[in-house]
Structures are given as structure tokens and as C-alpha cells.
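Here is the structure we will look at.
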Amino acid sequence: MSDFKPRFLKPSDTSSFLDRNDTTLVESTDFIYNRHLSQTIQTQRQRLPIFNNRNHILYLLEKYQTLVLVGETGCGKSTQIPQYLIEAEWPAQIGICEPRRVAALSLAGRVADETGSLVQSETVGYAVRFDACTNKPKIKYMTEGILIREMMSDPLLKDYSVIMLDEVHERTLYTDILMGLMKKILKRRRELRLIVASATMDARDLQTYFNNTDDKMKDTAVILSVHGRQYPVTTYFVKEPIPCYVQGTVDIVLKINSSKQAGDILAFLTGQEEVDRTVRLLREHANSIEAAGKKEKFMVYPMYGSLPYHEQMNVFKRTPDGFRKVIIATNVAETSVTIPNIVHVIDCGFVKMKWFNGQTHTDSLMIMPVSKASAQQRAGRAGRVKPGHCYRLYTEEDYLKLPNTTPPEIIRSNLTYVILQLKALGIDNVLKFKFPNPPPIENIKSALEILYALDAIDIDGELTKPLGFNMAEFAVDPLYTKILLSSGDFGCSEEILTIISMLQVESIYAKPSTGNSSIKARIQKRNFEVAEGDLITYLNVFLAFAKSGYGNDFCHRNYVNYKSMKRVLEIRERLGKMMKNYNVPLISCEGDTEIVSKCLVMGLFSNAAYLHYSGVYKTVRGDIELHVHPDSVLYTITQPQWVVFCEVIHTTKLYMRDLLVIKDTWLLELAPHFYHKTTVKEC
DNA sequence: GAGCACTGC
């Protein structure tokens with residue numbers, strides 16, 4: 001196997017890899033080595049590829065309402081266009097929406113440098129969750145959710161003259177919602193301008209989508225392409241499909257390593273288990289190469305989201321002289337983390353994706369083929385420092401069959417929170433909302449049912465006052481908001497605040513990947529476990545953390561993730577303030593776990609399961625077979641008769657996560673309406 | 001016995 005037929009990309013694809021890269025500037029989350037620090041900032045700005053298009057962009061924005069900008073990584077679109085607009089004296093604010101916090105922060109920092117101003121000044125600022133600018137900067141970088149929030153108080157975005165949606169090709173949940181909302185706003189505010197920045201080939205679709213059909217005389221949307229700065233990347237495909245991409249990755253790494261080609265290697269796989277397995281296999285080879293005293297030595301590092309922080313940092317460290325670096329990563333390395341000095345990329349051609357199923361109300365993690373856009377993005381990771389190579393573990397024929405773009409998140413997501421927010425923005429009939437890609441009707445129906453059961457909407461689908469409106473304003477899942485807003489009446493709001501905050505953060509427990517300490521970690525975790533289940537266990541962990549004085553040493557001793565706990569504190573304080581705003585008294589029930597559990601059922605009642613005599617759990621609605629997730633404290637102890645859960649994830653089986661032990665009588669006592677309710681009229 | 005990646009005043 002691993003018989004590669006080298007070939008260049010087709011002309012239509014090569015554009016992204018053409019130009020020489022001699023200045024590396026911040027573009028989105030990508031970092032940053034500036035070889036031309038000695039040059040003036042103005043000279044540096046003028047070297048960017050987008051500079052040649054400066055006047056054309058300004059002209060197009062005079063003439064058209066929507067500019068679809070196809071700009072490849074490194075062209076400077078996210079930092080330069082806002083500055084061009086300010087220089088051309090466009091009035092009011094320029095708002096730029098980014099899918100990730102780090103992108104908003106680093107872009108604001110870069111533009112502050114370039115304009116010789118401070119971040120959070122009158123010129124440049126940013127707004128992300130828990131960290132907003134108070135003034136109104138001329139150029140404002142923000143995360144997507146922030147702009148949606150702002151629409152709630154300012155539906156026509158009157159503070160802005162231009163909105164730029166960045167990284168649209170990623171098609172995040174909020175990108176799609178913002179596109180739908182912007183389409184509406186553009187019709188009502190003809191002087192407003194929208195820039196839709198995408199790295200890929202969906203430009204035509206975007207143009208068609210934003211063209212205002214009321215305006216039959218002329219187009220209101222226009223496309224402009226700007227080339228990026230990348231070294232050429234030579235792409236190779238396998239001649240025949242390969243049976244196993246883990247083995248395939250190992251083989252290619254060894255083959256590159258034994259060839260004369262220098263440079264670090266980055267391989268994309270779909271999940272932690274695959275990454276760990278590949279790392280193990282490759283380390284065996286690396287050890288035997290070293291033991292044999294051969295020259296081609298290399299070091300292998302894993303990279304994935306749930307890896308402890310100090311282990312993640314390994315991928316940025318220099319390897320000792322004479323060692324090549326090999327990084328085996330999940331999709332984190334595609335957009336969120338940029339690993340420097342990569343020359344060879346290996347792409348398995350697959351990605352793990354979450355899909356929500358509205359009929360069963362469950363999420364599934366599925367391994368799917370990547371899109372062409374993704375494959376291109378992965379390949380581009382090889383061309384940042386010098387000409388690179390991308391080895392695709394699939395045939396060219398299969399590549400051509402891939403979809404152009406990743407299936408938008410909105411068609412595969414739980415829509416409860418989205419619909420709540422749309423309704424708060426005055427979109428009464430969600431079915432008529434012009435999504436760029438409409439989500440499946442079952443998912444909308446399922447969301448409306450849950451919202452109705454939670455009392456957030458009435459039988460006509462209207463938001464209830466005040467509960468529904470309050471729920472739309474809280475930045476947590478509606479199920480949890482319901483619990484938070486009920487907790488005052490139950491007299492346990494302090495405890496609930498803690499539990500909900502703990503649920504906002506992944507990986508409370510540190511999970512070392514090495515054998516010895518991973519066993520210790522598991523033993524330590526037992527200390528906090530209680531028979532009432534995971535949610536009360538989280539409460540225990542937090543209380544112990546608080547008692548220790550919120551210290552790092554406590555976390556270290558108990559294998560609790562300190563960074564996560566600090567985030568919990570941050571979120572807890574924020575949510576606490578919001579509770580006060582809604583006049584929910586902050587009181588403690590002083591250890592009465594039954595009160596806390598009952599309050600949790602106020603939101604989780606629809607996620608109830610009972611232990612079937614066959615020994616597995618079944619959902620109360622629908623009798624779907626469920627299992628306790630191995631991470632749950634209930635996995636190792638006698639399984640209780642009745643539970644509610646926060647989440648179901650379908651991997652090898654349907655697993656319930658974050659469980660709470662309940663009594664069946666509570667369901668009828670606390671949610672009598674739910675198990676015999678009718679469906680909402682809108683469906 | 002199992003854990004794609006983001007995000008929200």
C-alpha cells in the first residue's frame with residue numbers, strides 16, 4: 001500500500017497555494033512570526049495581497065450592499081478591510097464577527113498595533129462573552145453570539161454602517177443565523193453594508209442568497225476574490241482506497257521520515273482513540289530507530305482538545321537536534337490551533353461530527369468524509385513556512401465526490417436555544433425564516449415541543465412573559481435556565497448556580513494520559529462521588545474546592561482541572577449577577593440534596609429514564625434503550641430505578657451523561673403537564 | 001469502559 005502518485009492540484013485549486021509568503025501576519029487565529037518587524041507598519045500593510053484591491057473593495061461597497069469576499073488565509077482581509085473603511089471615512093461602527101474568541105481578541109490586538117492605538121480604545125475594541133468593551137470603538141471585533149445579543153436591543157443594528165461576517169465557510173450555527181438575520185436587516189436598511197468573507201468555493205451560493213430579489217433591476221450582491229499568501233503545496237492521492245487510515249498514517253510517516261525530505265509532519269485523524277493508537281505505534285518505530293542508531297530520528301506527540309494543557313504545549317516545543325517532529329492531531333489542528341513549521345500534512349479524509357436527531361432527541365457522534373473545503377484547509381497547513389506536501393489517504397476519485405463545504409451546523413443541531421433567540425428577536429414563525437440551509441423540520445418540531453414543555457412558549461408558539469423572554473436572555477441552555485430561575489422558589493439557588501456552572505465547562509477532572517497517574521486520578525475522583533449521581537458529585541467537588549480557598553494545589557492533589565474550575569468561578573459569578581437581575585434570591589438549602597434534586601428535575605424532566613427489568617435503561621418517552629456512560633459515578637455502583645440525564649450521546653451505544661437519581665413520583669409532581677401534553681400549533 | 005471542534009453580557 002501507500003503507493004502515491006504525486007500530482008499537482010488542478011489549476012482551479014492551485015490559486016490558494018501560489019503566492020510567496022514573505023510576511024506572516026495575523027489572519028484569524030493563525031499566529032504570527034513577523035519577519036519584517038523592522039519595516040514600518042504602513043509598508044507591511046501595503047505588502048499584503050489585499051492592498052492591491054483596496055480601492056476596488058471600497059468602490060464595490062459604494063455600489064453593492066453585500067460583498068462576498070473569497071479571501072484565502074493570509075491575504076489580510078480581517079485586519080485590513082476595517083481599516084480601509086475607517087480611512088475612507090465610513091461613518092459609525094464597523095463590526096466584525098468571528099467564530100472563535102481568540103480570533104476576536106488577537107485581531108483586535110493586531111489592528112490596535114497597526115493603527116497605533118490601544119485595544120479597547122475609541123478606534124479598536126472587542127466584545128466576547130464575559131468580556132465586552134464598554135465604549136463604542138470604530139472597529140469592533142466580536143464573537144458571533146454577541147451580535148445576536150445586540151440585535152435584541154437594537155434590531156436594525158443602527159450603530160453599525162458595515163458588518164463583516166468572517167470565516168463563513170466554517171458554517172457554524174451562529175454564522176447561519178446571522179446570515180438569515182442580516183438578510184432581513186439589509187432589506188430594511190439600504191445604507192447598511194455586509195461583507196461575507198469565506199475561504200472557499202461557495203461564493204456563488206452566497207451571492208444568490210444575499211441578492212435582494214425585490215430589486216429586480218440589478219444585483220445587490222457581488223463577489224471578489226483575493227489571493228492568499230501561501231507556498232505551493234503538492235498534493236498526493238492514494239491510487240487505490242486503503243483499508244485502514246491509522247495504519248496508512250503510520251506507513252506514510254515512516255515513508256516520509258526515511259526519505260530525504262526534511263520538515264515536521266502533521267497528521268489529521270478523527271478522534272482521541274485513533275490519535276493515541278497511532279502515537280503508540282509510531283513511538284515503537286521511533287524507539288527502534290533510535291536504538292538501532294539510525295540517523296532518521298523523530299518524536300511523536302498527540303494533539304486533541306481534551307489533552308491536559310501541558311501536554312498540548314509539547315507540540316509547540318522544539319525537538320532536540322536531529323529529531324523530526326511528528327504530530328498526530330484531531331480537527332483542533334485544522335482551525336483552532338496552528339502548529340508552526342509544518343511541511344508535510346497527512347489527511348485521513350474523515351472527521352468526527354455531532355448530529356442531532358430530532359426524532360429521538362439525541363446527539364450522535366459520527367465519522368464522516370471531510371468536505372473539499374476542509375481538505376483544502378488541512379493541506380494549507382503544510383504551506384506556511386516553505387513549499388509543502390499533502391498526502392491524502394483517499395483516491396482522487398473519492399476527493400472529487402466530496403461535498404464542497406461541511407454540512408452546516410444548523411442542520412445537525414439541537415435548536416431549542418436558537419429558536420428561543422429567534423423568537424426573542426421577533427421571528428415568530430421560525431418555519432418561514434430564510435435560513436441559508438433550512439434545518440430538518442423534525443428538529444424544529446422537537447425544539448418547539450421542549451420549549452413548550454418548559455413553559456418558554458405558549459400553545460400558539462409565542463414567547464411567554466416573563467419566563468420565555470428571560471430564558472432567551474440567559475446565555476445557557478434553556479433547560480438549565482429553567483432550573484436556575486426556579487431555584488429561588490426551591491430555596492437552593494446557591495447550589496443550583498454551582499451545578500449549572502460546573503455543567504458549562506468540559507473536563508472538570510484532569511485525565512492524565514500516562515498509566516500511573518491516570519489510575520491515581522480515578523481513585524481521587526472516587527472521594528467526591530455520591531449515590532445521588534454526577535450532578536450532586538459536581539456540587540461536592542466545587543464545595544471542596546471552595547473550602548480549600550480555590551487553590552491550585554487542591555486541584556493538583558485531587559486531579560481536578562484548575563483552569564476549568566477558574567472558568568466555573570467566572571461563569572458562576574456572571575450567572576449569579578443575572579439571577580439577581582431577575583430577582584431570584586441567592587439562598588442555600590444547607591446540604592438538603594433532595595431539594596436540589598427536585599429543582600433540577602424542573603428542567604430535566606423530559607430526560608427521564610427508568611431501569612428496565614432487562615437490566616438496561618429506557619427513556620420514559622419512546623422507550624429508547626440507554627446506557628450509563630462510563631464516566632458517570634453511577635457506572636460503578638448499583639444502578640438506581642429512576643434517573644434524569646443532561647445529555648445523550650450516541651457513539652458505540654446510546655450513553656446518558658451527567659446523571660441525577662430521582663424518584664418517579666417527582667416527575668408527576670413537578671411536570672404533570674409534560675407526559676400528556678399536546679403538540680404546539682405551529683407544527 | 002470511552003471522550004470531534006467551537007460558542008453565548
Side-chain angles (χ1 to χ4, degrees), chain A residues 28-29 97-104 126-134 142-153 167 170-178 268-277 302-308 329-337 348 350-355 363-368 370 374 377 406 409-410 412-413 417-418 420-421 424 471-478 480-481 504-509 511 513 518 522 567 570-571 573-578 581 627-632 635-636 647 649-653 655 657-658:
Chain A
S28 124
T29 50
C97 294
E98 298 290 331
R100 279 171 296 281
R101 293 164 62 101
V102 274
Y126 63 81
V128 297
R129 188 196 198 189
F130 300 137
D131 193 2
C133 49
T134 42
M142 61 195 129
T143 39
E144 294 166 330
I146 297 279
L147 193 67
I148 293 177
R149 301 255 130 207
E150 289 187 4
M151 287 178 183
M152 286 185 191
S153 52
E167 313 279 3
E170 289 183 26
R171 298 300 294 269
T172 67
L173 188 58
Y174 285 115
T175 305
D176 275 35
I177 297 164
L178 278 176
F268 288 98
L269 293 171
T270 70
Q272 181 181 326
E273 194 266 340
E274 283 172 14
V275 168
D276 286 340
R277 188 148 48 100
M303 179 72 207
Y304 44 79
S306 61
L307 204 65
T330 62
N331 230 24
V332 270
E334 192 181 304
T335 46
S336 311
V337 179
C348 75
F350 288 88
V351 66
K352 209 176 268 189
M353 241 187 256
K354 214 172 179 179
W355 284 79
D363 277 313
S364 300
L365 266 181
M366 300 206 295
I367 294 175
M368 311 258 307
V370 294
S374 253
Q377 175 83 12
T406 310
E409 205 182 347
I410 199 157
R412 46 190 182 88
S413 292
Y417 190 49
V418 167
L420 198 63
Q421 284 193 309
M471 281 166 81
E473 276 172 35
F474 263 75
V476 291
D477 188 297
Y480 300 150
T481 313
Q504 300 305 300
V505 173
E506 289 158 57
S507 61
I508 289 295
Y509 303 108
K511 279 189 164 181
S513 53
S518 77
R522 241 179 299 164
R567 183 126 177 94
E570 211 176 66
I571 293 170
E573 192 175 341
R574 196 75 200 196
L575 291 175
K577 273 186 194 156
M578 295 193 71
N581 288 345
H627 301 264
V628 176
H629 193 280
D631 277 347
S632 168
Y635 189 79
T636 43
E647 180 178 55
I649 186 80
H650 192 169
T651 50
T652 50
K653 286 177 185 169
Y655 287 108
R657 281 211 290 225
D658 295 325

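Values in this document were obtained by computation on a predicted structure and should not be read as measured data. In what follows, chains are A, B, ... by sequence order, proteins preceding strands, each numbered from 1.
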(message) In this structure, how many angstroms lie between the P atom of B/dC4 and the CH2 atom of A/Trp355, rounded?
(response) 18 Å
(request) Using ring pair (Phe, Tyr, Trp, His ring centres under 6.0 Å) as the criterion, list what pairs up with A/Tyr509, not counting sequence neighbours. (result) none
(request) Please determine, for the side chain of A/Thr143, which listed nucleotide (B/dC6, B/dT7, B/dA2) has the closest atom? (result) B/dT7
(request) Calculate the interatomic distance between A/Leu269 atom CG and B/dA5 atom C1'; express it in whole Å. (result) 15 Å
(request) Measure from the side-chain heavy atoms of A/Lys352 and tell me the nearest of B/dC4, B/dT7, B/dG1. (result) B/dC4
(message) Can you tell whether the side chains of A/Arg657 and A/Asp631 come within less than 4.0 Å, N to carboxylate O?
(response) no
(request) In whole angstrom, give the distance that lies between atom CZ of A/Arg129 and atom C1' of B/dC6. (result) 12 Å
(message) I need the CD-C1' distance between A/Gln272 and B/dG3, as an integer number of Å.
(response) 5 Å
(message) If you assign each of A/His629 and A/Asp477 to its closest nucleotide in DNA chain B, which residue comes earlier from the 5' end?
(response) A/His629
(message) Starting the side chain at C-beta, find the nucleotide from B/dA2, B/dG1, B/dA5 nearest to A/Val332.
(response) B/dA5
(request) Choose from B/dA5, B/dG3, B/dC6 the nucleotide whose nearest atom is closest to any side-chain atom of A/Arg100. (result) B/dC6
(message) I want to verify a distance call: between B/dA5, B/dT7, B/dG3, whose nearest atom is closest to the A/Asp631 side chain?
(response) B/dG3
(request) Can you figure out which of B/dA2, B/dT7, B/dA5 approaches the side chain of A/Tyr174 most closely? (result) B/dT7
(request) Using whole Å, report how far CZ of A/Phe474 lies from C1' of B/dT7. (result) 18 Å
(message) Quick one, A/Met368 and A/Thr270 - any side-chain contact, counting heavy atoms below 4.5 Å?
(response) no
(message) Whole angstroms only, please: what is the NE2-P distance between A/His650 and B/dC4?
(response) 14 Å
(request) Describe the nucleic acid contact of A/Met366 in one word from base, sugar-phosphate, nothing, applying a heavy-atom distance below 4.0 Å. (result) nothing
(request) Look at the side chain of A/Thr651 and decide which nucleotide, out of B/dA2, B/dG3, B/dA5, has an atom nearest to it. (result) B/dG3
(request) Calculate the interatomic distance between A/Asp658 atom CG and B/dG3 atom P; express it in whole Å. (result) 14 Å
